[in-house]
Protein chains: 2
Amino acid sequence: MKPLFHPRVEDLDLSTILHACADPTRLRLLVDINTEPGKTCGTFETELSKSTLSAHFKVLRESGLVRQELGPGNSRLNWPRTAEVQSRFPDVISAILKSVTRSHS
Amino acid sequence: MKPLFHPRVEDLDLSTILHACADPTRLRLLVDINTEPGKTCGTFETELSKSTLSAHFKVLRESGLVRQELGPGNSRLNWPRTAEVQSRFPDVISAILKSVTRSHS
DNA sequence: TCGCGTATTCGTCAATTCACGAACACTTGG
DNA sequence: CCAAGTGTTCGTGAATTGACGAATACGCGA
């Protein structure tokens with residue numbers, strides 16, 4: 001099987017990361033992954049089709065915001081790479097996540 | 001003449017703001033505006049055409065990141081609305097701006 | 001090995017984005 | 001009033017995005 005691509009920390013690009021966060025669906029996914037690390041793709045609440053959701057996860061993964069690891073039964077476990085991203089761009093992701101959870105409550 | 005539209009603070013939308021920041025050109029403009037408040041549109045270093053640049057300023061303005069004010073000779077003075085944006089989404093913009101200036105030096 | 005569950009890939013499609021030049025609008029100095 | 005300077009608007013075109021269903025790939029339990 002094909003290994004999933006993940007950018008190295010030194011290759012992270014701020015514009016790419018912001019673009020990944022700029023979509024409401026992806027921002028929601030990112031918050032959920034950070035709230036409940038290790039969730040599989042099928043466990044997210046959404047109205048979107050599987051293929052659309054898969055594409056969004058791909059954007060998050062290739063931007064470096066999320067690490068996807070193979071789980072049981074061909075599932076993907078989604079882990080936040082927030083700490084790694086913060087090492088390159090301090091406070092950016094944490095501030096975004098806080099703003100979302102804050103305005104949502 | 002037509003007054004330029006500016007969103008109210010309570011109408012700011014995080015996804016819209018992140019989208020505005022996600023373009024490298026606009027991010028650069030935003031940094032420049034914050035570094036040197038009051039610059040006119042024509043004083044930014046760029047290879048882009050006037051119409052393209054004008055469109056980018058419009059995105060920044062309509063997202064709420066920048067206030068454009070009429071200056072002498074039909075020019076536009078560009079002011080950051082960073083403080084206002086921060087009141088809705090604390091630390092988001094400041095963290096982004098710091099990351100850009102930091103990685104650029 | 002067969003079938004089920006999970007997720008990706010592919011092809012398509014409508015909508016949006018980003019770029020440009022030409023034309024227009026507005027202010028100001030001569 | 002005219003010309004120069006500054007930006008916006010409009011029409012165009014190429015590229016990207018975001019959505020979907022159908023088909024495919026993979027792991028695992030029976």
Side-chain angles (χ1 to χ4, degrees), chain A residues 1-7 13-30 32-33 36-63 65-79, chain B residues 1-7 13-30 32-33 36-63 65-79:
Chain A
M1 53 109 250
K2 205 187 323 178
L4 298 169
F5 169 75
H6 291 87
D13 176 70
L14 183 57
S15 291
T16 304
I17 286 173
L18 293 177
H19 170 259
C21 293
D23 180 273
T25 298
R26 286 194 294 266
L27 190 49
R28 178 71 172 273
L29 294 178
L30 185 64
D32 288 354
I33 291 169
E36 200 175 334
K39 278 171 75 74
T40 59
C41 296
T43 63
F44 291 80
E45 275 189 30
T46 173
E47 318 255 318
L48 299 173
S49 70
K50 276 185 192 283
S51 54
T52 301
L53 208 55
S54 182
H56 281 309
F57 277 113
K58 186 180 181 185
V59 173
L60 286 172
R61 176 170 49 77
E62 293 185 343
S63 76
L65 285 166
V66 168
R67 182 174 301 281
Q68 290 190 293
E69 182 185 303
L70 293 168
N74 202 37
S75 64
R76 265 71 169 168
L77 309 180
N78 293 281
W79 303 97
Chain B
M1 53 109 251
K2 203 187 328 180
L4 299 169
F5 169 76
H6 292 87
D13 176 71
L14 184 56
S15 291
T16 305
I17 287 173
L18 293 177
H19 170 258
C21 293
D23 181 273
T25 298
R26 286 194 294 264
L27 190 49
R28 177 71 171 274
L29 293 178
L30 185 64
D32 288 354
I33 292 169
E36 200 175 334
K39 276 171 75 75
T40 59
C41 296
T43 62
F44 292 81
E45 275 189 31
T46 173
E47 318 255 320
L48 299 174
S49 69
K50 278 183 196 222
S51 53
T52 299
L53 208 55
S54 181
H56 281 310
F57 277 113
K58 187 179 181 186
V59 173
L60 286 173
R61 175 170 50 76
E62 293 185 342
S63 76
L65 285 166
V66 168
R67 182 174 301 281
Q68 289 191 294
E69 183 185 304
L70 292 168
N74 203 38
S75 64
R76 264 71 171 167
L77 309 179
N78 293 281
W79 304 98

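Residue numbers start from 1 in every chain, and the chains themselves are labelled A, B, ... in the order their sequence lines are given, proteins ahead of strands.
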Margin query: Is there a side-chain contact between A:T40 and the phosphate of C:dT6, meaning an N or O under 4.0 Å from OP1 or OP2?
Written below: no
Item checked: A:K58 NZ to D:dG18 P, straight-line distance once rounded to whole Å -> 13 Å
Shorter than 3.5 Å, N or O on both sides, protein versus nucleotides 18-21 of chain C: list them out with atom names.
unit_1, atom_1, unit_2, atom_2, d
C:dC18, OP2, B:R26, NH1, 3.3
C:dA19, OP2, B:H56, NE2, 2.4
C:dC20, OP2, B:S49, N, 2.9
C:dC20, OP2, B:S49, OG, 3.2
C:dC20, OP2, B:T52, OG1, 2.9
C:dG21, N7, B:S51, OG, 3.2
C:dG21, O6, B:S51, OG, 2.9

Item checked: Heavy-atom donor-acceptor pair, B:R26 side chain to B:H19 backbone, under 3.5 Å -> yes
Note to self: In this structure, how many angstroms lie between the P atom of D:dT8 and the CG atom of B:L77, rounded?
What the structure shows: 12 Å
Next item on the list: Before giving the answer on side chain to side chain contact (heavy atoms under 4.5 Å, CB included), spell out for B:Q68 and B:K58 the whole-Å C-alpha distance, their side-chain angles and the decisive distance to 0.1 Å.
Entry: CA-CA 9 Å; B:Q68 289 191 294; B:K58 187 179 181 186; 5.9 Å; no
Next item on the list: Test for a donor-acceptor pair under 3.5 Å between the base of C:dT27 and the side chain of B:N74, counting only N and O atoms.
Entry: no
Checklist line | For atom CG of A:L4 and atom C1' of D:dA25, their distance in whole Å | finding: 13 Å
Check: Given atom CZ of B:F44 and atom C1' of D:dG7, what is their separation to the nearest angstrom?
Finding: 13 Å
Next item on the list: Check A:S49 against A:T52 and note the closest heavy-atom contact, atom names and distance.
Entry: OG-OG1, 3.0 Å
Next item on the list: Kindly point out which of C:dT9, C:dT6, D:dT8 is positioned nearest to the side chain of B:Q68?
Entry: D:dT8
Notebook entry, point to check: Just by distance, do the side chain of A:R76 and the backbone of A:N74 share a donor-acceptor pair under 3.5 Å?
Noted result: yes
Next item on the list: Identify the heavy atoms of A:L29 and A:F44 that sit nearest to each other, and give their distance.
Entry: CD2-CD2, 3.6 Å
Checklist line | Interatomic distance, A:R76 CZ vs C:dT9 C1' [rounded to whole Å] | finding: 12 Å
Margin query: Minimum heavy-atom separation for A:V59 and A:A20, please, with both atom names.
Written below: CG1-CB, 4.0 Å
Notebook entry, point to check: Rounded to the nearest Å, what distance is computed from the CD atom of residue B:E69 to the P atom of nucleotide C:dT27?
Noted result: 15 Å
Note to self: Give me the atom names and distance for the closest heavy-atom approach of B:F5 to B:R61.
What the structure shows: O-NH1, 2.9 Å
Margin query: Need to verify one output field. Residue with the more 5' nearest nucleotide on DNA chain C, A:S54 or B:P72?
Written below: A:S54
Next item on the list: Please report the closest heavy-atom contact between B:L30 and B:C21, naming both atoms and the distance.
Entry: CD2-SG, 4.0 Å
Note to self: Using five pairs at each end of the helix from C:dT1-D:dA30 to C:dG30-D:dC1 to define an axis, what is the angle between those two axes, to 10°?
What the structure shows: 10°
Next item on the list: Step by step, work out the side chain to side chain contact (heavy atoms under 4.5 Å, CB included) result for A:H56 and A:L48.
Entry: CA-CA 10 Å; A:H56 281 309; A:L48 299 173; 4.2 Å; yes
Next item on the list: Starting at atom CG of A:L70, determine the distance to atom P of D:dA25, rounded to an integer number of angstrom.
Entry: 17 Å
